[in-house]
Structure formats: structure tokens, C-alpha cells
Amino acid sequence: MITVGIDVGSISAKAALIKDGELIGSRVMLTGYNARNAGEKVFVDLLAKLGIGKDAVDRIVATGYGRNSVDVADKAVTEITCHAAGAHFQDPSVRCVIDIGGQDSKAIAMDTTGRVTDFAMNDKCAAGTGRFLEVMARALEVDLDAFGEMSLKADRPAAISSLCTVFAESEVISLIARGERRENIIAGIHESIGSRVIAMASRVGITEPLMMTGGVAKNIGVVRALEKKSGKSIRVSAHAQVNGAIGAALIAAANA
């Protein structure tokens, strides 16, 4: 059986293909302004990459904020369920997932089968998300991909007190004007994110083993900040960014 999961997020669209319980491949691309087109294109690109025809796919499940715009999908499923399923597939021992995406962050508690037992979500404010980091990177004139390693070189993380993206950007600009090292500012940004996300995750209970998913998981500075604020070790898989799409493909297989 071949199933595909399509996760259309605010910044990137992801697709993953599962064949007989095995992850065969995945694809990531920018969502752009048209979520419908992004969902279709990431699906077509993945099949082309793997050399698989559309007719060979048995079932497709869409997830993410743009899930209802994916016309090729047979069903749309909430990303909470999909991230839990994806994390359980990658590491069955995981009991809690922290997912930081482009415009929201989530904490998910799950049982031994990967079923969601509780969750908390911040989708009202961009602070602590991928979009927040993009704004900070522009203010600092630093490539976002360099944020993680640069923050690890900080000697004294700067204090970023505001939880609002607009006010936090003003704080960062003021720190730059005062001559603060960029490494310290970035570390401070990561610690601000860590405090906000761990406060949210504490509402569902942070139980180890703990996994981080979503595109922000590629930022080692944020991972370390979350570990510092929670006092717990965090696992990051090689497929963290496509975890939701993996979960969607697994749910497609379970309901085929």
C-alpha cells in the first residue's frame, strides 16, 4: 500500500510517502501565497522525485493550516493528531512533542500507542514561531540558517523582555544600536522563545522522552534553549520538518 501525507504550513509545504509501513521519501518547498497550489505542487514533485505515478497512490491525507485547500487529498486531519502519529512512528518511546511551526507552536502529550491525551497550542501570536525568527533575522541582518550556531557562541545572552514580535524587534534594534554582540542577541531571542514555549508545554505536562518537531527544530539554539528552560533532554529526528506529513501518510494508511 502506498499513501501520501501533505502538510501545508504557513511557510512551507511538506509531503511524505509511506509504502507498506516504511517512509520512502519526502519533499519540502515554500508555500508562497497560494496554499492550494503548494499542496498540489509538493505532491507532484514528490512523486516525480520517487518515480511513482499518481495512480499508484492508494490514499492521501492533508494536514496543516492549509489542509482544507488540498484538492488531491481524500481527507483532512488536524496537525495535532498527525504530529503525534509521526513522532510515534519515528520513536515509539516518545511521550511528549513540542512542535514549532511557521505561525504557531504546540505541545502534545501522548500515550504508548501515539494517541493524543492532551495538547496546548499558541496560534494567536507569532512570538516564538518560525515567523518570529524570520523577523528577528531581518532586523539583525543575519541569515536565519546561521542563527543556531551563532547563538551557541554567546557569552551573555541579551535580555529580550517583550513577548510581542513588534516590540521584541524594537528591543533587538535598540540592542544593536548599543553595540551588543549579535551572538548574545540571538541567544537572548532563543531564550525568550524557550521561556514562552515551555510555559505553554507545562500546561500539558512535559514528560520524557521528549521530541521536537517542525522546521524550527533545525535551529540548535532553540533546541538548547528549550532544554535549558525545561531541564529535560530533547530528541530531534532527521525528519523533524516533515513529521506532520509523515503522520498524515500513516493515518491515510490506517484508514485506507
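Heavy atoms only: backbone and side chains are in, while hydrogens, waters and symmetry mates are out.
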Original post:
Do His88 and Val94 come close enough that some side-chain heavy atom pair is under 4.5 Å?
Top reply: no

Original post:
Quick check: does any side chain N or O of Asp74 sit under 3.5 Å from a backbone N or O of Ile60, one acting as donor and the other as acceptor?
Top reply: yes

Original post:
Side chain of Arg27, backbone of Ala16: donor and acceptor closer than 3.5 Å?
Top reply: no

Subject >> Which atom of Ala146 lies closest to which atom of Val142, heavy atoms considered >> reply: CB-CG1, 4.2 Å

**OP:** Group every Ile, Leu, Val, Met, Phe, Trp and Tyr by side-chain heavy-atom contacts under 4.5 Å, then state whether Leu226 and Met150 land in the same group.
**Re:** yes

**OP:** Quick one: pull up CG in Asn37 and OG in Ser69 and give me the separation to the nearest 0.5 Å.
**Re:** 9.0 Å

Subject >> Polar side chain donor-acceptor pair, Ser161 to Glu171, under 3.5 angstrom >> reply: yes

Original post:
Who passes side chain to side chain contact (heavy atoms under 4.5 Å, CB included) against Thr112, sequence neighbours left out?
Top reply: Arg95

**OP:** Evaluate the criterion side chain to side chain donor-acceptor pair (under 3.5 Å) for residue pair Asp58 and Thr3; output intermediate values, then yes/no.
**Re:** CA-CA 6 Å; Asp58 296 293; Thr3 58; over 6 Å; no

**OP:** Would you list the pairs meeting side chain to side chain donor-acceptor pair (under 3.5 Å) in which at least one residue belongs to residues 4-22, sequence neighbours left out?
**Re:** Ser12-Lys14

**OP:** Give the cluster check for Val57 versus Ile6: same hydrophobic cluster or not, with ILVMFWY residues linked at side-chain heavy-atom distances below 4.5 Å.
**Re:** yes

Original post:
After noting the C-alpha distance and the side-chain angles of Arg181 and Arg156, does the key distance pass the side chain to side chain contact (heavy atoms under 4.5 Å, CB included) rule?
Top reply: CA-CA 9 Å; Arg181 294 178 63 217; Arg156 187 186 67 255; over 6 Å; no

**OP:** Could you tell me the separation between the CG atom of Asn122 and the CD atom of Gln103, rounded to the nearest 0.5 Å?
**Re:** 10.5 Å

**OP:** Please list, chain by chain and in numerical order, all residues satisfying salt bridge (charged side-chain N to carboxylate O under 4.0 Å, His left out) with Asp118, sequence neighbours excluded.
**Re:** none

Would you list the atom pairs, donor with acceptor, under 3.5 Å between side chains in residues 233-240 and any protein atom, with sequence neighbours excluded?
| unit_1 | atom_1 | unit_2 | atom_2 | d |
| --- | --- | --- | --- | --- |
| Arg235 | NH1 | Asp91 | OD2 | 2.5 |
| Arg235 | NH1 | Ser93 | OG | 2.9 |
| Ser237 | OG | Gln90 | OE1 | 2.3 |
| Ser237 | OG | His239 | N | 3.0 |
| Ser237 | OG | Ala240 | N | 3.3 |

Original post:
Is Thr63 reaching over with its side chain to a backbone N or O of Glu79, donor-acceptor style, under 3.5 angstrom?
Top reply: yes

**OP:** Would you mind listing the cluster partners of Phe89? Hydrophobic ones only (ILVMFWY), side-chain contacts under 4.5 Å, chaining allowed.
**Re:** Ile18, Leu23, Val28, Val242, Ile246, Leu250

Subject >> side-chain hydrogen bond (donor to acceptor under 3.5 Å, both in side chains) partners for Lys218, two or more places apart >> reply: Gln241

**OP:** Output the distance between atom CD1 (Ile2) and atom CG (Leu17), rounded to the nearest 0.5 Å.
**Re:** 6.0 Å

Subject >> Residue list, side-chain hydrogen bond (donor to acceptor under 3.5 Å, both in side chains) with Glu169, at least two apart or on another chain >> reply: none

Subject >> Residues Lys232 and Glu227 bridged, charged N to O under 4.0 Å >> reply: no

**OP:** Decide yes or no on side chain to side chain contact (heavy atoms under 4.5 Å, CB included) for Val204 and Ile108, but give the supporting numbers first.
**Re:** CA-CA 7 Å; Val204 304; Ile108 308 164; over 6 Å; no

Subject >> Transitive ILVMFWY side-chain link Ile173 to Phe132, under 4.5 Å >> reply: no

**OP:** Apply side chain to side chain contact (heavy atoms under 4.5 Å, CB included) to Glu134 and list each qualifying residue two or more places apart in sequence or on a separate chain.
**Re:** Ile11, Arg131, Arg138, Leu144

Original post:
How many angstroms lie between CD1 in Ile198 and OG in Ser230, if you round to the nearest 0.5 Å?
Top reply: 4.5 Å

Subject >> For Ala38, side chain to side chain contact (heavy atoms under 4.5 Å, CB included) partners two or more places apart >> reply: Ala13, Thr31

**OP:** Go through the steps to decide whether Asn243 and Asp99 satisfy the test side chain to side chain donor-acceptor pair (under 3.5 Å), and finish with yes or no.
**Re:** CA-CA 9 Å; Asn243 183 67; Asp99 172 70; 6.0 Å; no

Subject >> Spacing of Leu152 atom CG and Glu183 atom CD [to the nearest 0.5 Å] >> reply: 10.5 Å

Subject >> Exercise: identify the closest heavy-atom pair between Ile185 and Ala158 >> reply: CA-CB, 4.0 Å

Original post:
For Ala109, does its backbone N or O pair with a side-chain atom of Thr117 as donor and acceptor, under 3.5 Å?
Top reply: yes

Original post:
Can you find a heavy atom in the side chain of Asp145 that is under 4.5 Å from one in the side chain of Glu149?
Top reply: no

**OP:** Over all heavy atoms of both residues, which pair between Met200 and Ala107 is shortest? Give the atoms and the distance, please.
**Re:** CE-N, 3.7 Å

Original post:
Val61 and Val4: side chain to side chain contact (heavy atoms under 4.5 Å, CB included), yes or no, with the steps?
Top reply: CA-CA 7 Å; Val61 165; Val4 172; over 6 Å; no

Original post:
So if you build clusters from Ile, Leu, Val, Met, Phe, Trp, Tyr with side-chain heavy-atom gaps below 4.5 Å, do Met29 and Tyr65 land together?
Top reply: no

**OP:** Answer with yes or no whether the hydrophobic clustering places Ile251 together with Leu46; edges join I, L, V, M, F, W, Y residues whose side-chain heavy atoms lie under 4.5 Å apart.
**Re:** no

Subject >> Atom pair CE (Met121) and CZ (Arg203), whose distance is rounded to the nearest 0.5 Å >> reply: 11.5 Å

Original post:
If we only count heavy atoms from C-beta on, is the Ile186 to Leu140 side-chain gap below 4.5 Å?
Top reply: yes

Original post:
Between Ile189 and Met136, is any pair of side-chain heavy atoms under 4.5 Å apart?
Top reply: yes

Original post:
Less than 4.0 Å between a side-chain N and a carboxylate O, is that true for Arg196 and Glu191?
Top reply: no

Subject >> All side-chain hydrogen bond (donor to acceptor under 3.5 Å, both in side chains) counterparts of Asp71, not counting sequence neighbours >> reply: Arg36

**OP:** Could you pull out the closest heavy-atom pair between Val8 and Gly39, with the gap in Å?
**Re:** CG2-CA, 3.8 Å

**OP:** List the atom of Gly188, the atom of Pro157, and the distance in Å for their closest heavy-atom pair.
**Re:** N-CB, 4.0 Å

Original post:
With Lys54, which residues qualify under side chain to side chain contact (heavy atoms under 4.5 Å, CB included), at least two apart?
Top reply: Glu40, Phe43, Val44, Leu47

Original post:
Sub-3.5 Å donor-acceptor pair from the side chain of Thr129 to the main-chain atoms of Gly101, do we have one?
Top reply: no

Original post:
Between Ile193 and Leu133, does a side chain to side chain contact (heavy atoms under 4.5 Å, CB included) hold up when you go through it step by step?
Top reply: CA-CA 9 Å; Ile193 291 173; Leu133 285 168; 3.6 Å; yes

Original post:
If you take all heavy atoms of Ser151 and Gly221, which pair is closest and at what distance?
Top reply: OG-CA, 3.3 Å

Original post:
Is the closest basic N to carboxylate O distance between Glu180 and Arg178 below 4.0 Å?
Top reply: no

Original post:
Can you name the side-chain hydrogen bond (donor to acceptor under 3.5 Å, both in side chains) partners of Thr113, sequence neighbours left out?
Top reply: Asp111

